[in-house]
Amino acid sequence: MDYFLRCLKFILPAAKVTLLLTVAALALGLVLGLLLAVARIYGRPPARSFAAIYSRVVRSLPTLVVLFLVYSFVTIVFGIRGVTTAVIALTACTAAYQSEIFRGAIQSLGTGQMAAARSLGMTKSVAVRSVIIPQALRLAIPSWSNEAAIVLKDSSLASAIGTTEIFRRAQQIGAANHDYLPAFLACGLIYFCLTFLTNRVLDYVQKRYRLKL
Amino acid sequence: MAVTLAGLMAIDIVGELEFIWRILPELGKGLVTTLELTALALTAGLVLAVPTAVVRTYTRGPLNWLFTAYVEVFRGTPLLVQLFVVYYGLPEMGIVFDRFFSAWAALTLNSAAYQSEYIRGAIMSVSEGQLTAARSLGMRPLQAFRWVVLPQALRLALPAWSNEVAYMVKYVSVVYMIALPELFTRGAMIRSRTFKVWSPMISVAVIYLGVVIGITRVMDYVEKRLRIPGLESGHGGREY
Amino acid sequence: MTEPILRVENIHKAYGPTEVLRGVSVDVRPGEVVVIIGPSGTGKSTLLRCVNQLTPPDQGRVWLKDVELTDKRTDINKARERIGMVFQDFNLFTHLTALQNVMLGLTKVKRMKPTAARAKAVMELEKVGLADKADLYPAELSGGQKQRAAIARSLAMDPEVMLFDEPTSALDPELIGEVLEVMQDLAAEGMTMLVVSHEMGFAREVADRIIFLENGVIADEGPPEQFFTNPKNPRTREFLWKLTELYGNHGEKGSRRSGRRGR
Ligand SMILES: Nc1ncnc2c1ncn2[C@@H]1O[C@H](COP(=O)(O)OP(=O)(O)O)[C@@H](O)[C@H]1O
Ligand SMILES: [Mg+2]
């Protein structure tokens, strides 16, 4: 029990890194995902195909493959190192999944909203920004919450490219003491609390901004 | 940066292709392991998922709490942590599995938790009247469940289950962390052995792409074959 | 007078503080057709469900011949085989074709061999005029066809009594006739039937007795002649008037909702 608490104490500070990875990847992924979704639906043919292919390819790859490829790419080509590589890699993944979420949301709005906005004299891009996206974002909240939980859990994979987040810390203290079970249980407990918290927060957001169609 | 870009341009294409050709058998072996683990985890997961869903839907009290706790814990923590608890943690309690069995156990428990949620949702969306009609014919509760509710629930859960298949193929790759030589692990091993950064990983990526697209096709076909008018449901499940 | 085949005695049923049934007794003799009418939410569905114990009553007894269904020791599943039930919203098994719907009770409850079950199921579907729809799924059938298939499913079990809970109130007006026709044939063949329905034409022609249920008790009861021309209870006349006034000849449309509420 004493050792379990020591594990918790040792691992907990790294929760900052896990949260940073998660929040940063989710936020950047949100922006890119929206762009990809809009490109996919309203874009010109090249943008459309790019968005479609990107989403298809990335969603077909294990997160680890994307992590390794992106890691190699940004370190070799741009000389970027450290946590940033993990953020970029996780963003590359979640952007693809989020683009599908937003695409689904936009499509479920139907064409009526766009037609109504255009009939008021809005340009296409103004209509997208001020009519389509605000509604799509709200509709997407339940699936987006799912995705948030997935990114949180997948951030543990960043340990494979050397990011010291909570899973890595658990490995470290476990190895140092040759006693793994309490370390991974402590790590699991932290993840469980974080997932729980994330879900509660997003449930609240969903209630607050519910959109009735 | 210009130097590195130049380096990228100067790749010896023919040499790389020859290299890829030589590592293909090894990657092929890895793919077989990946598919084995996927199939075993999915089927064992389904076997566990049905009773889990039943207990959570139809019972109250301690048994329900136990199964609910199981599902919530496995859905609330990373697969990686579950894998390490099984592979590194359990031996400390005197429970020792080999690598493959540990991986299978962790993947199964993880997938069963998710699958049970799809099935539970599907059971709850079968209307009460179906059960009433079955009971009014004289069926016992278990018969009514077995012949009326369950087939409908499984059919309704199929789209989510299809997603789970593709999801598992990809997530089996986390066994890389316990050095079990499936597809991704083999790619990563070749990568560090040969110091070739791109070819092994890109080959692995292309194989995954083909496999996942293939699986999606197959599951679409299965869904079409098993189509029942009136029992369509949206997709759902863990997106891949 | 012949012995009743179905005896319902002093049934009470409450949901929480609201007493839905407050002492209802009905005897049904072999071959008799009893039609129950009454405002929605008055406990008609509850009464039928109390008969085959889908809803066990709080008080009172039900006998099918000499088997007491309300007795805890009775094998209720065996008893339900002998009592067919037809629902307002059909409740056909969604994952099975019309034929498979009729077969399921035969193979799983009566343990018939599939070939024998199939032959019998085909026959039952023929009887309700659905032989050519045997391989269609419920979602591919019209409302009237669904209800006829549901009737065939019940009849296949060779029941001694049939319960009908507003079998036509979820149907479009033009589909009501085909279902009533099947029920009429069934009555002519001598089936014992307890029918909740507001099809007054059907009641007038087919019923041996009409029961007016209101506020959980039988407010009036009698053969159609007397019931329509000279009711004992002034409330009966009022209700009948409302039925034709509000819902035309097709009975109580508003009761669609009440049927669902009971589930
Ligand atoms: N399972 C139930 N739980 C609570 N109340 C119910 C239930 N079933 C029926 N009721 C209530 O009992 C009353 C009678 O319902 P029902 O028998 O369906 O009426 P009817 O068929 O005459 O329209 C209604 O007020 C209904 O809301
Ligand atoms: Mg009713």
Side-chain angles (χ1 to χ4, degrees), chain A residues 18 56-73 75-79 96-98 100-101 104 143 146-147 149-150 152-157 159-160 166-167 170-171 174-175 178-196 198-199, chain B residues 1 4-5 7-8 34 72-93 166-167 169-177 183-185 187-188 191 197-198 200-202 204-216 234-240:
Chain A
T18 292
R56 174 84 270 175
V57 169
V58 171
R59 287 183 305 122
S60 298
L61 299 179
T63 308
L64 276 172
V65 172
V66 179
L67 278 171
F68 268 52
L69 286 174
V70 172
Y71 173 81
S72 307
F73 188 74
T75 38
I76 293 172
V77 178
F78 298 109
Y97 292 94
Q98 290 191 46
E100 292 299 314
I101 293 171
S143 316
N146 250 349
E147 177 63 15
I150 291 174
L152 172 65
K153 286 177 276 176
D154 276 2
S155 72
S156 62
L157 297 173
S159 60
I166 54 185
F167 180 76
Q171 271 183 302
H178 298 288
D179 191 357
Y180 286 99
L181 190 57
F184 290 127
L185 290 180
C187 166
L189 180 65
I190 297 172
Y191 273 114
F192 189 78
C193 295
L194 288 177
T195 322
F196 186 81
T198 313
N199 287 340
Chain B
M1 191 165 135
T4 47
L5 272 180
L8 274 177
T34 295
E72 290 306 321
V73 165
F74 275 79
R75 281 168 16 106
T77 56
L79 174 56
L80 195 51
V81 174
Q82 294 156 21
L83 179 65
F84 272 56
V85 166
V86 172
Y87 186 67
Y88 288 104
L90 292 187
E92 290 170 11
M93 295 172 58
Y167 186 94
V169 169
K170 295 186 301 165
Y171 269 71
V172 162
S173 61
V174 305
V175 303
Y176 159 73
M177 302 293 275
L183 178 55
F184 175 77
T185 314
R191 179 182 185 268
V197 176
W198 299 110
M201 260 313 128
I202 289 176
V204 166
V206 170
I207 296 175
Y208 273 115
L209 190 62
V211 169
V212 170
I213 289 177
I215 284 175
T216 314
H235 266 254
R238 300 200 263 192
E239 288 298 331
Y240 59 87

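Hydrogens, waters and symmetry mates are skipped; everything else that's a heavy atom, side chains included, is used. The structure presented is a predicted model; accordingly, all values stated were derived computationally and were not measured. Letters A, B, ... are given to chains in the order of the sequence lines, protein chains preceding strands, and every chain is numbered from 1.
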Max heavy-atom pair count under 4.5 Å with chain B, selected residue of [options]:
options	value
Val58(A), Leu194(A), Ile190(A), Asp154(A)	Asp154(A)
Ser72(A), Gly188(A), Ala183(A)	Ser72(A)
Ser156(A), Ala149(A), Ala96(A)	Ser156(A)
Leu181(A), Thr198(A), Asn199(A)	Leu181(A)

Less than 4.5 Å apart, side chain to side chain, heavy atoms only: is that true for [X] and [Y]?
X	Y	value
Ser159(A)	Leu80(B)	yes
Phe184(B)	Ile207(B)	no
Tyr87(B)	Met177(B)	no

*Under 3.5 Å: donor-acceptor pair, side chain of Thr34(B), backbone of Leu183(B)*: yes
*Decide if atom OH of Tyr208(B) counts as having more than 12 heavy atoms of other residues, nucleotides or ligands within a radius under 6.0 Å.*
yes
*Who pairs with Tyr191(A) by side chain to side chain donor-acceptor pair (under 3.5 Å), at least two apart in sequence or on another chain?*
Glu165(A)
*asked:* Heavy-atom cut-off 4.5 Å, strictly under: side chain, backbone, both or neither for Val174(B) against chain A?
replied: both
*Check each atom of Tyr88(B) against the heavy atoms of chain A and say whether the ones under 4.5 Å are side chain, backbone, both or neither.*
both
[X] portion near chain B, given a 4.5 angstrom heavy-atom threshold:
X	result
Thr63(A)	side chain
Glu147(A)	neither
Asp179(A)	both
Ala160(A)	both
Phe167(A)	side chain

_With side chain to side chain donor-acceptor pair (under 3.5 Å) as the rule and sequence neighbours excluded, what pairs involving residues 72-81 of chain B come up?_
Thr77(B)-Gln82(B)
_Closest contact, heavy atoms only, Met201(B) versus Gly187(B)_ = CE-C, 3.9 Å
